[in-house]
Amino acid sequence: QVQLVESGGGLVQAGDSLRLSCVVSGRTFSRYAMGWFRQAPGKEREFVGAIMWSGGSTSYADSVKGRFTISRDNAKNTVYLQMKSLKPEDTAVYYCGAAPYGRRWSLSGEYDYWGQGTQVTVSS
């Protein structure tokens with residue numbers, strides 16, 4: 001059974017940092033891109049960034065470039081989202097997903113697997 005489990009969310013103040021984790025299990029993701037998305041109340045799920053499991057190439061949304069960094073630890077089957085200089089507009093439920101190579105990583109519909117999400121709330 002494939003599982004993606006996010007953790008690390010919480011309530012922080014503007015300017016703080018937070019690191020989210022996504023532990024994957026149940027299959028090999030060596031030919032997948034691991035993406036982070038977020039969804040605020042009343043809004044659509046929004047692409048944050050993605051990383052190729054093999055090779056480590058990354059891509060980010062303009063809104064988070066320079067503030068967020070995605071990395072992975074192959075030995076721990078874990079993908080991380082390091083968030084710095086957080087803003088109130090970063091408040092959302094954050095999801096990790098897995099999409100096979102060759103798909104458009106910025107589109108949520110291209111992802112085969114999703115985690116349950118973790119809430120991040122940034123107060124002003």
Contact between [X] and [Y] at the side-chain level, heavy atoms closer than 4.5 Å - yes or no?
| X | Y | result |
| --- | --- | --- |
| Tyr113 | Val24 | no |
| Tyr94 | Val48 | yes |
| Arg19 | Leu81 | no |

Of all heavy-atom pairs between [X] and [Y], which one has the smallest distance, and what is that distance?
| X | Y | value |
| --- | --- | --- |
| Leu4 | Cys22 | CB-SG, 4.0 Å |
| Ser59 | Trp105 | CB-CE3, 4.5 Å |
| Ser30 | Ser54 | O-OG, 2.8 Å |
| Pro88 | Ser124 | CG-CB, 3.8 Å |
| Thr91 | Val122 | OG1-N, 2.9 Å |
| Thr78 | Ser21 | CG2-CB, 4.1 Å |

Look up atom [atom1] in [X] and atom [atom2] in [Y], then write down how far apart they are to the nearest 0.5 Å.
| X | Y | atom1 | atom2 | result |
| --- | --- | --- | --- | --- |
| Thr121 | Asp90 | OG1 | CG | 11.0 Å |
| Ser57 | Met52 | OG | CE | 5.0 Å |
| Gln116 | Glu6 | CD | CD | 4.5 Å |
| Phe47 | Arg45 | CZ | CZ | 13.5 Å |
| Ser123 | Gln13 | OG | CD | 5.0 Å |

**OP:** Go through the structure and list residues passing salt bridge (Lys or Arg N to Asp or Glu O under 4.0 Å) with Arg103, not counting sequence neighbours.
**Re:** Asp112
**OP:** Would you check, one step at a time, whether the test side-chain contact (heavy atoms from CB on, under 4.5 Å) holds for Gln82 with Ile70?
**Re:** CA-CA 6 Å; Gln82 177 68 52; Ile70 297 175; over 6 Å; no
Original post:
What class does the angle between the rings of Tyr32 and Phe29 fall in, given that below 30° is parallel, 30 to 60° is tilted and above 60° is perpendicular?
Top reply: perpendicular
Original post:
Are Leu18 and Val120 close enough, and set up right, to give a side-chain contact (heavy atoms from CB on, under 4.5 Å), and what steps lead you there?
Top reply: CA-CA 9 Å; Leu18 204 59; Val120 173; 4.0 Å; yes
Subject >> Pair Ser108, Glu110: side-chain N/O donor-acceptor within cut-off below 3.5 Å >> reply: no
Original post:
Which ring pair (Phe, Tyr, Trp, His ring centres under 6.0 Å) pairs, counting each pair once, include a residue from residues 49-81, with sequence neighbours left out?
Top reply: none
**OP:** Dump the intermediate steps for side-chain contact (heavy atoms from CB on, under 4.5 Å) on Tyr95 and Tyr111, then the final yes or no.
**Re:** CA-CA 11 Å; Tyr95 299 89; Tyr111 284 72; over 6 Å; no
**OP:** Please check if Ile51 and Val5 belong to a single hydrophobic cluster, counting links between Ile, Leu, Val, Met, Phe, Trp and Tyr side chain heavy atoms closer than 4.5 Å.
**Re:** no
Subject >> Path from Leu20 to Val93 over hydrophobic side-chain contacts below 4.5 Å >> reply: no
Subject >> Criterion salt bridge (charged side-chain N to carboxylate O under 4.0 Å, His left out) on Glu46 and Arg38, from CA distance to verdict >> reply: CA-CA 5 Å; Glu46 173 190 27; Arg38 65 188 182 186; 2.8 Å; yes
Subject >> Ion pair Asp16/Lys84, N-O distance below 4.0 Å >> reply: no
Original post:
Hey, are Lys65 and Asp62 close enough for a salt bridge, meaning a charged N less than 4.0 Å from a carboxylate O?
Top reply: yes
Original post:
Around Arg27, counting heavy atoms of other residues, nucleotides and ligands shown, do more than 12 lie under 6.0 Å from its CZ?
Top reply: yes
Subject >> Trace of the side-chain contact (heavy atoms from CB on, under 4.5 Å) decision for Met83 with Arg67 >> reply: CA-CA 6 Å; Met83 305 183 291; Arg67 299 190 299 122; over 6 Å; no
